[in-house]
Protein chains: 2
Amino acid sequence: MEVTVDDERLDAMFAALADRTRRDIVARLSEGEATVGELAAPYAMSLQAVSQHIGVLERCGLVSRSRHRQTRPCRLEPQALEAAVSWIEESRRAWADRVDRLEAHLARLQEGYQR
Amino acid sequence: MEVTVDDERLDAMFAALADRTRRDIVARLSEGEATVGELAAPYAMSLQAVSQHIGVLERCGLVSRSRHRQTRPCRLEPQALEAAVSWIEESRRAWADRVDRLEAHLARLQEGYQR
DNA sequence: GACTTAGTCAAGCAGATGCTTTATCAAGCT
DNA sequence: AGCTTGATAAAGCATCTGCTTGACTAAGTC
């Protein structure tokens, strides 16, 4: 049974992860919630830029923002990462299967020659 | 021990996978080698465009092109996919650990109240 | 040698992306 | 009410991307 994830979602997800700053933010959030300001602090770029990066992560479902007083705490939505992993795993598995079949085939040929 | 993959490589890899046509090509190649022309056939776009897509996949190490007569057979280099998977898995694992710790903590609190 | 096949190279263009700056808003502080 | 803090909104700009077309090359066919 295949887990079919729609293409647009994968587009957005991989595109989101294609930026170092955003991968950094995801890694940071995997250690726990953080506000936009906290996430922005380590970077040379403006708070607005980081807020935009978080927007990208939010739009593809990897991160969600809530409110607490004036701050906007962000947290990871890891089931979204699942979609990306499963696509990659599926392709890799298909390739591995193919290599296995090929090797098995070659092994049978080899056996044939030796007999 | 961490498998540290350099950021530029991950940038290129996720960017490569952020395109539906390129993911299609990877999926197709996971079923076996194919020439540029064979890969291009299903698409409305020009052969040149597909060749450029393959170039992107090649530059990030996911695909390699060889030569056979006038054709350029392409094949998947699946150990490259490993880098992407391991980055994602690592972040997800960190998040899962954190959730587990949190739940364990809450469980202990709960126990405390009931005693 | 001329023609076809399979593909690359290169220039150009419309639209997306990553940042900036300025302006604005909502919550808390005095 | 006015000021500060934490953040979003919007406009602008340089660069990158995905595609196109036209020109070229290498290998095989007539």
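It should be emphasised that the depicted structure is a prediction, and the values quoted were computed from it without experimental measurement.
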Tell me the salt bridge (charged side-chain N to carboxylate O under 4.0 Å, His left out) pairs involving residues 41-56 of chain A, sequence neighbours left out?
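Qualifying pairs, neighbours excluded: none.
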Got a sec, which pairs hit salt bridge (charged side-chain N to carboxylate O under 4.0 Å, His left out) with one end in residues 34-61 of chain A, sequence neighbours left out?
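Sorted pair list: Glu58(A)-Arg65(A).
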Assess the residue pair Trp87(A) and Leu17(B) against the criterion (side chain to side chain contact (heavy atoms under 4.5 Å, CB included)); give the C-alpha distance rounded to whole Å, side-chain angles, the decisive distance to 0.1 Å, and a yes or no.
CA-CA 10 Å; Trp87(A) 185 88; Leu17(B) 294 176; 3.8 Å; yes
Whether Arg23(A) side chain and Asp7(B) backbone form a donor-acceptor pair below 3.5 Å
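The answer is yes, because a donor-acceptor pair under 3.5 Å joins these two groups.
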Which residues pass the side-chain contact (heavy atoms from CB on, under 4.5 Å) test with [X], sequence neighbours left out?
{"X": "Glu77(B)", "result": "Ser64(B), Arg75(B), Gln79(B)"}
{"X": "Ala15(A)", "result": "Ala18(B)"}
{"X": "Thr21(A)", "result": "Asp19(A), Ile25(A), Tyr43(A), Met45(A), His53(A)"}
{"X": "Cys60(A)", "result": "Ala12(A), Ala16(A), Leu62(A)"}

Atom pairs under 3.5 Å, N or O on each side, protein against nucleotides 21-30 of chain D: can you list them with distances?
{"from": "dG22(D)", "atom 1": "O6", "to": "Gln48(B)", "atom 2": "NE2", "distance (Å)": "2.8"}

Mind checking which nucleotides bracket the chain A contacts on DNA chain C, 5' to 3', with an atom under 4.0 Å from a heavy atom?
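With heavy atoms of chain A under 4.0 Å away, the range is dG18(C) to dG28(C).
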What's the [atom1]-[atom2] distance between [X] and [N], to the nearest Å?
{"X": "Phe14(A)", "N": "dT17(D)", "atom1": "CZ", "atom2": "P", "result": "17 Å"}
{"X": "Glu8(B)", "N": "dC16(D)", "atom1": "CD", "atom2": "P", "result": "13 Å"}
{"X": "Leu57(B)", "N": "dG18(D)", "atom1": "CG", "atom2": "P", "result": "10 Å"}

Please name all residues satisfying side-chain hydrogen bond (donor to acceptor under 3.5 Å, both in side chains) with [X], sequence neighbours left out, ordered by chain then number.
{"X": "Asp97(B)", "answer": "none"}
{"X": "Glu82(B)", "answer": "Arg92(A)"}
{"X": "Glu33(B)", "answer": "none"}

Residue closer to the 5' end of DNA chain C, Pro73(B) versus Ala15(A) (nearest nucleotide)
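Looking at DNA chain C, the more 5' nearest nucleotide goes with Pro73(B).
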Kindly state which residues belonging to residues 17-32 of chain B come within less than 4.0 angstrom of DNA chain C, counting heavy atoms of the residue only, listed by number.
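Hits under 4.0 Å, by residue number: none.
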Within the pair Arg65(A) and dT8(D), is there a side-chain N or O less than 4.0 Å away from OP1 or OP2?
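Arg65(A) to dT8(D) OP1/OP2: side-chain N or O found under 4.0 Å.
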